[in-house]
Amino acid sequence: MKIAVLASGRGSNFKKIAEAVEAGKIRAEIALLITDRETAGAINIAREFGINICYLPFKKFSNRETYDEKIVSILKREGVSLVCLAGYMRIVTPTFVKAFENRIMNIHPSLLPAFPGLGVHKKVLEYGAKFSGATVHFIDTGVDTGPIIIQAVVPVKPEDTPDTLANRILEWEHRIYPQAVKWFVEGRITINERKVTVKGASYDSPPVVPALEDF
Ligand code: GRF
């Protein structure tokens with residue numbers, strides 16, 4: 001199975017997925033990285049792992065629709081079956097979502113449906129929530145509203161800053177994202193309406209549900 005990763009930034013989640021592929025834990029190939037930012041750290045990670053890089057600056061396109069049409073044509077040309085958004089800072093259009101329905105994953109650093117969108121950790125702290133976490137979900141046409149695959153719960157501490165909370169959550173992101181990708185590649189994920197089930201997984205063991213098996 002061929003995977004594409006779309007990233008705009010640092011790329012630490014991309015790196016974890018690439019490591020799991022290299023280690024043989026995920027039996028798939030990362031066909032390419034697509035990025036909209038020339039300075040994305042993800043580009044260096046792709047170089048490190050010998051993964052093809054496609055830099056696609058948005059300013060060369062007239063609108064989001066034509067930009068995403070180009071991405072879809074590249075993904076189809078490459079024979080990609082799973083698209084992983086990993087710190088990808090663009091909202092994908094319905095055209096893209098339809099072309100890869102239930103085949104685009106995203107990671108979001110909160111316990112969705114709480115705190116979607118940007119500036120998550122600051123909002124969590126200002127609200128006074130006592131738990132936050134991370135969510136891997138499929139993409140639908142809304143913002144961070146798609147079917148949830150796996151979530152990890154993380155405590156919020158009184159002394160937390162957005163950075164300390166982000167770092168605590170990131171450690172779990174790095175485990176749940178490769179795990180979700182692995183389940184997808186193994187064909188264990190089913191979706192009914194918006195309910196995702198992982199065949200054979202345990203749903204009994206917080207802080208991560210379904211329970212981590214390999215990460
Ligand atoms: C992560 O916190 C992810 O949840 C969010 O953007 C951040 C990306 O970090 N969507 P990285 O680029 O994977 O290091």
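We count ligands from 1, going down the list as the structure has it; atoms in each ligand are counted the same way. All residue numbers in this chain count up from 1 along the given sequence.
For atom 10 (N) of ligand 1, the closest non-hydrogen atom of the protein is I107 O, 3.0 Å. Here the protein heavy atom with the shortest distance to atom 9 (O) of ligand 1 is R10 NH2, 3.2 Å. Looking only at protein heavy atoms, the nearest one to atom 3 (C) of ligand 1 is E173 OE1, 3.1 Å.
Heavy atoms of G11 approach ligand 1 to within less than 4.0 angstrom.
When all heavy atoms of T135 and I176 are compared, the pair lying nearest together is N-CD1, 4.1 Å.
When the ring-ring contact (aromatic ring centres under 6.0 Å, His included) test is applied to Y67, the partners found at least two apart in sequence or on another chain are F58, F61. For E193, there are no side-chain hydrogen bond (donor to acceptor under 3.5 Å, both in side chains) partners two or more places apart in sequence or in a different chain.
When only interatomic distances are considered, the shortest N/O to N/O separation between N106 and ligand 1 does not fall below 3.5 Å.
Classification of K16 and E19 as a salt-bridged pair holds, one side-chain N sitting under 4.0 Å from a carboxylate O.
Within the set G87, S110, S12, A86, the minimum heavy-atom distance to atom 11 (P) of ligand 1 is found for S12.
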Go through the steps for H121 and S132 under the test side chain to side chain donor-acceptor pair (under 3.5 Å), then give the verdict.
-> CA-CA 9 Å; H121 308 299; S132 191; 5.3 Å; no
